[in-house]
2 protein chains.
Amino acid sequence: MRGLHADTGYLLYRLGLRSGQLFNAFLQESGLRLRHYAVLRFLATTEGSLQRELSARLGYDPSAIVGLVDDLEKLGFAERRPAPDDRRSRIVVLTENGRAFLRDTDEAGRRVTNELLGPLDPAGREALHALLLRIAEDGLS
Amino acid sequence: MRGLHADTGYLLYRLGLRSGQLFNAFLQESGLRLRHYAVLRFLATTEGSLQRELSARLGYDPSAIVGLVDDLEKLGFAERRPAPDDRRSRIVVLTENGRAFLRDTDEAGRRVTNELLGPLDPAGREALHALLLRIAEDGLS
DNA sequence: GAGCAATAATTGGTGACGTCAATAGTTGTT
DNA sequence: AACAACTATTGACGTCACCAATTATTGCTC
């Protein structure tokens, strides 16, 4: 009989949970949650994105994007702009406040990752990241 | 500005989600979910365990354990027995049916893991598992 | 150019899940 | 004998993933 942690998939599941919890705890003081942060980080790479695009790239349901962008707009971190070529679409862009927030929290985010990856040396972290990326590319954005 | 997948913690979070979804899909036909499966697998390693112990080792809230063991009892995969030395405690043990279920689904579980780790060669999987184990030992059971 | 399928954002509902507070029964301690 | 600590349990609340339906708009097609 295989042990509890003999399965890589199960390990991933459990560690993913813990990772999400750590991130959410760190974001709590900002009034945001992990999902908001993911949207912000994605917006920072795109110079404006359709909500449909956010949904596809982040893997969140379109209906989830609505509320997330709502919250970010309320905080002044992002805003919806009409798409010039398609009036169905909204283009979500990062505001200057949003950019500042990302700058301010960047270091704290790193601390969280450090805590999570505690027992790993730099080489181990590098290796882990590379392996996860290879899995993620197969299905995730 | 760091990219979306530049952060190992976030990657872990997203892949953990996907892993959980895959496992749940595979378990759906059995009427169980991932959490039940985790309990069964843990029970298979212990020859009887207090609910309190299940909670601590699996990281689920004590109140969650109640429902999980209820379900497993209904399916005949586990049963509660009174603890001889402490009448507050119940000892949860795997039944023969539960053991058979684990045997039957073991191979299907491996298939799920294979799907998840698709792009990785055996050496990569081995390395990933070792790295995850080292992280897991620091906090998880 | 009128009708129609497809699409973007949105709303609403359902079930799983993590978390916390409270309770009943039991144990150990003082 | 009284009281703090502990086990299992119940209940409530908010978040989240998932799915169906709706509105406004676009592009296709006949």
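Just the heavy atoms: all of them, side chains too, but no hydrogens, waters or symmetry mates, feed the values below.
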Got a list of protein N/O to nucleotides 5-8 of chain D N/O distances below 3.5 Å?
from	atom 1	to	atom 2	distance (Å)
D:dC6	O2	B:Arg88	NH1	2.7
D:dT7	OP2	B:Arg52	NE	3.1
D:dA8	OP1	B:Gln51	N	3.2
D:dA8	OP1	B:Arg90	N	3.2
D:dA8	OP1	B:Arg90	O	3.4
D:dA8	OP2	B:Arg52	N	2.6

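One distance of note links CZ of B:Phe23 with OG1 of B:Thr113; it measures 4.0 Å at 0.5 Å rounding.
The nearest whole Å value for the distance from the CG atom in A:Asp61 to the P atom in D:dA21 is 15 Å. The CZ atom of A:Arg33 sits 9 Å away from the C1' atom of D:dC16 (whole-angstrom rounding). Per the geometry, CG belonging to A:Leu58 stands 14 Å off P belonging to D:dC16, to the nearest Å. Nucleotide C:dC17 holds its C1' atom 12 Å from the OH atom of B:Tyr13, rounded to whole Å. When rounded to the nearest whole Å, the span between OH of B:Tyr60 and P of D:dT9 equals 18 Å. When the P atom of D:dC19 is taken as reference, atom CD1 of A:Ile65 falls 16 Å away, rounded to whole Å.
Contacts of A:Leu128 classified as side-chain contact (heavy atoms from CB on, under 4.5 Å), with partners at least two apart in sequence or in another chain: A:Leu117, A:Leu120, A:Leu132, B:Thr8, B:Leu128, B:Leu131, B:Leu132, B:Ile135. With sequence neighbours excluded, the residues satisfying side chain to side chain donor-acceptor pair (under 3.5 Å) with B:Asp71 are B:His36. The side-chain contact (heavy atoms from CB on, under 4.5 Å) check on A:Arg80 picks up A:Gln51, A:Val69, A:Asp70, A:Glu73, A:Arg90, A:Val92, with sequence neighbours excluded.
Summarising the local packing, CD of A:Glu47 is surrounded by 12 or fewer heavy atoms from other residues, nucleotides or ligands at distances under 6.0 Å.
When each of B:Leu68 and A:Asp70 is assigned the nucleotide of DNA chain C bearing its nearest heavy atom, the one mapping closer to the 5' terminus is A:Asp70.
DNA chain D is contacted by B:Gln21 of residues 21-28 of chain B, taking any non-hydrogen atom closer than 4.0 Å.
For A:Tyr10 and A:Arg14, the side-chain atoms include at least one donor-acceptor pair closer than 3.5 Å.
One finds no salt bridge joining A:Glu53 and A:Arg57 here, because no Lys/Arg side-chain nitrogen approaches an Asp/Glu carboxylate oxygen to under 4.0 Å.
Nucleic acid contact for A:Leu17: sugar-phosphate only, since backbone atoms but no base atoms lie under 4.0 Å from a heavy atom of the residue.
For the pair B:Leu102/B:Arg99, no side-chain contact is recorded, criterion being any heavy-atom separation below 4.5 Å from C-beta on.
The list of side chain to side chain donor-acceptor pair (under 3.5 Å) pairs with a residue in residues 119-128 of chain A, not counting sequence neighbours, reads A:Asn114-A:Arg125.
In this structure, of C:dT11, D:dT26, C:dT27, it is C:dT11 that holds the atom nearest to the side chain of A:Ser63.
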